[in-house]
Amino acid sequence: MKLKLVEKKDEALGTKTFFWEPEKPIYFIPGQFLYYTLPKLNYPDPRGATRHFTISSSPTEGNLIGLTTRIREESGYKKTLDELPIGSLVEAEGPNGTFVLNDNDLGPHIFLAGGIGVTPFRSIIKYAIDKKLKTGMTLIYSNSIPEEITFRKEFEEWTKTYPNFKLFMTVTKPEESLPAQAGKEKWSGLTGRIDEKLLKSLNTKYNILNTNPTWWVCGPPPMVDAMELALNKLQVLTGHIRSEKFTG
């Protein structure tokens, strides 16, 4: 099927959402993804002209399809995508994927995300809010610096309007975001990677482990592997862990 690019939106430092209008409605479940094939590459890319991206928008937000990604200089695909003019057409296939949450599964659910791995959780959370589901959801989200936190404003607003949603954000390199630098923020929140120590600390304060939640892990492969190891050390059963790796 063909998709037409209708809007680009800056979401965070180096991260953009591309909104696409499909030639016919696409019915998808939050958490699923599409394959996108660009008409041509402006720069060489050994991985070719096709990539898959999770749909970051929710089915409750209308007909447009959101693709959110970090634009990396080393990726010929990403650079070409970023340069596409509004009105451009691409080929898409899907939706695909089983990293989805059943409407009737009220949880609780804990989402562990690293960087751009937050996209399926944005779709799932927005869907639950719009549908007024009573699903218990906690997002623990890690980034290098505050400026890279994707969908931050939305997430913070949703904690105020949706009592079943809790948010914890952590930054691994707060020293690289200094108020002396224009536009930088002095971070006063959680620091460090999502690991066994951080999860134990959150459990001490908020009792997140003792609610027998389902854990959802999404991010770069090394981060996902580390999260699964940390959860195993916390004696979380394998059947209570769902994971998906983003190669970027």
Side-chain angles (χ1 to χ4, degrees), residues 8-18 43 45 47 51 53-54 56 66-83 110-122 125 138-160 165-206 208 215-231 233 243-248:
K8 301 179 186 181
K9 178 185 177 184
D10 290 322
E11 297 288 0
L13 181 64
T15 301
K16 293 184 179 180
T17 295
F18 299 81
Y43 310 92
D45 192 312
R47 294 173 60 189
R51 292 282 194 288
F53 297 94
T54 297
S56 58
L67 181 171
T68 305
T69 188
R70 287 190 173 163
I71 308 301
R72 304 186 186 280
E73 278 297 312
E74 66 272 18
S75 170
Y77 182 102
K78 298 282 187 71
K79 289 173 67 177
T80 301
L81 174 66
D82 192 30
E83 292 178 1
I110 298 181
F111 305 137
L112 305 181
I116 201 61
V118 77
T119 53
F121 302 136
R122 191 270 174 198
I125 295 165
T138 297
L139 173 63
I140 305 174
Y141 185 23
S142 172
N143 282 275
S144 296
I145 56 177
E147 293 76 22
E148 291 182 344
I149 301 174
T150 305
F151 308 124
R152 179 179 177 179
K153 184 177 180 181
E154 284 186 316
F155 289 147
E156 290 177 335
E157 289 177 350
W158 294 346
T159 62
K160 300 172 185 176
F165 173 57
K166 295 179 175 58
L167 173 68
F168 301 99
M169 299 182 292
T170 184
V171 167
T172 60
K173 299 178 181 178
E175 71 281 358
E176 295 186 12
S177 179
L178 303 174
Q181 302 176 32
K184 298 295 183 178
E185 172 187 352
K186 184 176 181 180
W187 181 251
S188 58
L190 297 172
T191 58
R193 299 181 182 278
I194 303 173
D195 56 15
E196 183 182 2
K197 179 180 177 182
L198 178 66
L199 295 177
K200 281 184 175 180
S201 174
L202 290 176
N203 184 58
T204 299
K205 295 180 181 179
Y206 305 102
I208 62 173
W215 297 80
W216 300 64
V217 187
C218 192
M223 177 264 187
V224 173
D225 292 340
M227 290 305 90
E228 291 177 340
L229 180 61
L231 292 174
K233 289 181 177 179
S243 60
E244 185 160 273
K245 297 177 179 179
F246 272 33
T247 54

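Computed from a predicted model, the values in this text were never measured in an experiment.
- Ring orientation note: the planes of Y206 and F168 are tilted relative to one another, at an angle of 30° to 60°.
- A donor-acceptor pair shorter than 3.5 Å can be found between the side chains of S243 and E228.
- Two residues are said to be in side-chain contact when any heavy atoms from C-beta on lie closer than 4.5 Å; F151 and S56 meet this criterion.
- In this structure, R193 places its CZ atom where only 12 or fewer heavy-atom neighbours from other residues, nucleotides or ligands lie under 6.0 Å away.
- When side chains are defined from C-beta on, R152 counts as touching P146, because their heavy atoms get closer than 4.5 Å.
- Contact of the R51 side chain with the L67 side chain is not registered, since no non-hydrogen atoms from C-beta on lie closer than 4.5 Å.
- Side-chain atoms of V217 and L231, non-hydrogen and from C-beta on, do get closer than 4.5 Å to each other.
- Residues satisfying the side chain to side chain contact (heavy atoms under 4.5 Å, CB included) test with K197, not counting sequence neighbours, are D195.
- For the residue pair V171 and I145, the shortest heavy atom distance occurs at CG1-CA, 3.7 Å.
- The side-chain heavy atoms of W215 and L199, taken from C-beta on, include a pair separated by under 4.5 Å.
- For the residue pair T17/E11, the side-chain donor-acceptor check at 3.5 Å is satisfied.
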Practice problem: Using the side chain to side chain contact (heavy atoms under 4.5 Å, CB included) rule, take F155 and V118 through it: C-alpha gap first, then chi angles, then the decisive distance, then the call. | Solution: CA-CA 11 Å; F155 289 147; V118 77; 3.8 Å; yes

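- The shortest distance between side-chain heavy atoms of I140 and I208 falls below 4.5 Å.
- Open room surrounds CD on E73; 12 or fewer heavy atoms of other groups in view lie less than 6.0 Å from it.
- Remark: the backbone N or O of K200 is paired with a side-chain donor or acceptor of T204 at under 3.5 angstrom.
- Ionic pairing of K160 and E156 is not present here: no N-O contact between side-chain nitrogen and carboxylate oxygen is shorter than 4.0 angstrom.
- Under the 3.5 Å distance criterion, the side-chain polar atoms of Y141 are matched with a main-chain donor or acceptor of G115.
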Quiz prompt | From CA spacing to verdict: side chain to side chain contact (heavy atoms under 4.5 Å, CB included), L167, W158 | solution = CA-CA 9 Å; L167 173 68; W158 294 346; over 6 Å; no

Exercise. Could you give me the CA-CA distance, side-chain angles and deciding distance for R70 and T150, then say whether side chain to side chain contact (heavy atoms under 4.5 Å, CB included) is met?
Key: CA-CA 10 Å; R70 287 190 173 163; T150 305; 4.3 Å; yes

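- Contact check for T119 versus F53: no side-chain heavy atoms found under the 4.5 Å cut-off.
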